[in-house]
Amino acid sequence: FLHQQYPVVFEKLEDTVLNNRGLLLKWKGRNETALPVILYAHLDVVPIEETTKAEWKHQPFSGEVADDYIWGRGALDDKGSLISIFEAVDKLAKKGFVPERTVYLAFGSDEEVGGSRGAASIAEYFRQQKQRFEFYMDEGGMVSQGIVPNINRPVALIGTAEKGYVTLELSVNLPGGHSSRPARETAMDVMVSAVKKLHDNPDKRKISPAVDEFLDFVGPEMRSPFNAVFANRWLFKPLILNEYEKSAEGFALLRTTNVTTVFNAGIKENVIPTLVEAKVNYRILTGETVAQVVEKAGITIGDNRVKIKVGEIYEPSRNSPSTTYGFQLIQQTCAEVFPDAIVTPFLMLGSTDSKHFQDMTENTYRYFPCRFDKELLGTIHGINERIGVKDYMETIAFYETLLTKLK
């Protein structure tokens with residue numbers, strides 16, 4: 001589809017396919033001594049829950065344009081960014097534009113399951129070439145509307161760090177049997193108790209470097225009296241944290257979180273299950289480690305009948321500075337395309353493919369330049385995912401402007 005839709009892009013840029021599906025395009029710049037940059041997006045999407053199909057206003061994989069939106073799974077995560085990049089590059093390439101420095105367009109194929117084939121193979125390709133980058137830009141924060149408390153203006157959230165990721169796979173294996181003769185405590189009872197202990201004992205809250213910078217940037221823009229409160233965080237810190245904890249997003253910004261996402265047990269209503277399994281997903285705050293998460297989980301559960309297996313591990317990222325050329329270029333581009341928005345660093349709650357490129361640049365920024373409100377944000381991995389046509393045009397304009405401003 002991409003070759004058919006954007007023949008000029010593939011004619012002007014050098015393309016390489018890695019591990020069968022990872023796509024890498026090189027747009028050679030005028031100044032080959034300057035460090036290149038990467039614009040990244042992922043090709044894959046999550047499936048839909050078949051039980052929700054009737055709730056979609058338009059077929060979930062149709063890409064239908066209706067009611068001023070483009071509808072379908074992936075419209076926001078992450079094909080809105082992917083196709084916007086192609087549209088911007090196609091438009092510029094047709095004009096004969098050549099970027100000042102080399103630009104790599106990188107597109108992984110399996111971000112939704114960790115990126116171990118797509119992004120990892122692209123990253124390894126660069127690693128073998130000992131390639132370094134001025135900055136890397138991936139999906140992430142957005143131009144939020146009505147999401148940041150006590151601010152009336154849109155806020156462009158540039159992810160300068162992201163939380164770590166690990167899933168703890170819990171299992172309990174105890175004698176089962178007939179449901180008419182239950183033991184005082186079954187495997188199910190033990191597991192339910194374990195996951196409830198994890199839920200009921202959240203981590204202590206703390207302010208990470210990315211959140212601290214976020215408060216520096218947005219504090220002065222808040223309406224009175226909140227601007228005065230944020231200007232004196234040393235005095236009003238408990239009040240600020242209490243305010244942010246009221247929302248799910250604010251709660252997650254301030255601590256390592258856990259949530260039980262999978263529960264497997266039982267085959268029939270009159271059979272007590274012998275084996276009960278659960279998966280608890282953690283998103284780890286900057287400054288903490290997976291090892292600390294595993295240790296705390298074991299202590300909190302306090303029951304050696306619950307076995308803990310550690311799944312795929314991604315430690316929290318480092319914090320990228322907001323004083324660099326890359327951040328300032330994104331900031332300046334936002335000022336032109338989204339002149340009504342405040343631009344700020346931000347801590348990404350989700351996980352992106354940027355984790356595979358951490359050793360190639362100090363400057364990693366996670367930002368999808370598109371306007372979101374709470375309703376649209378809730379459609380990502382959910383029902384009726386869609387991108388506004390007008391918002392999509394702004395996203396294309398952002399990438400086009402950023403590429404032309406690149407020095």
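Hydrogens, waters and symmetry mates play no part in the numbers below; they use all other heavy atoms, side chains included. From a predicted model like this one, the values you see are computed outputs, not experimental measurements.
Looking only at atom types and distance, the side chain of Tyr399 has a donor-acceptor partner in the side chain of Ser81 under 3.5 Å away.
Residues that satisfy the ring-ring contact (aromatic ring centres under 6.0 Å, His included) test with Tyr325, not counting sequence neighbours, are absent from this structure. Residues forming a salt bridge (charged side-chain N to carboxylate O under 4.0 Å, His left out) with Lys246 (at least two apart in sequence, or on another chain): Glu243. With sequence neighbours left out, Phe126 forms a ring-ring contact (aromatic ring centres under 6.0 Å, His included) with Tyr104, Phe133.
A parallel orientation is assigned to the rings of Phe10 and His3, their planes being inclined by less than 30° (bins at 30° and 60°).
In this structure, the side chain of Arg153 engages the main chain of Asp340 through a donor-acceptor pair within 3.5 Å. In terms of modelled atom types and a separation under 3.5 Å, the side chain of Arg305 and the main chain of Asp303 share no donor-acceptor contact. In this structure a side-chain-to-backbone donor-acceptor pair under 3.5 Å is present from Lys197 to Ile301. Checking side-chain atoms of Arg101 against main-chain N and O of Lys407 turns up a donor-acceptor pair under 3.5 Å. In terms of modelled atom types and a separation under 3.5 Å, the side chain of Glu385 and the main chain of Gly74 share a donor-acceptor contact. Put simply, the side chain of Asp373 gets close to the backbone of Glu375: a donor and an acceptor are under 3.5 Å apart.
Here Asp359 pairs with Arg127 in a salt bridge; the nearest charged N to carboxylate O distance falls below 4.0 Å. A salt bridge links Lys296 and Asp203; the closest N-O separation between the charged side-chain nitrogens and carboxylate oxygens is under 4.0 Å.
Looking at Glu162, Glu139, Glu111 one by one, the single match for side-chain hydrogen bond (donor to acceptor under 3.5 Å, both in side chains) with Ser354 turns out to be Glu162.
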Open item on the list: The test is side-chain contact (heavy atoms from CB on, under 4.5 Å); show your working for Arg318 and Gln358 and say whether it passes.
Closed with: CA-CA 8 Å; Arg318 61 173 171 269; Gln358 286 284 293; 3.8 Å; yes
Task: Verdict with reasoning, Phe1 to Phe86, per ring pair (Phe, Tyr, Trp, His ring centres under 6.0 Å) - done: CA-CA 12 Å; Phe1 169 80; Phe86 268 96; 9.0 Å; no
- [ ] Go through the steps to decide whether Thr257 and Lys163 satisfy the test side-chain contact (heavy atoms from CB on, under 4.5 Å), and finish with yes or no.
- [x] CA-CA 10 Å; Thr257 60; Lys163 298 178 85 172; 4.0 Å; yes
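Between Gln145 atom CD and Phe372 atom CZ the span is 10.5 Å, to the nearest 0.5 Å.
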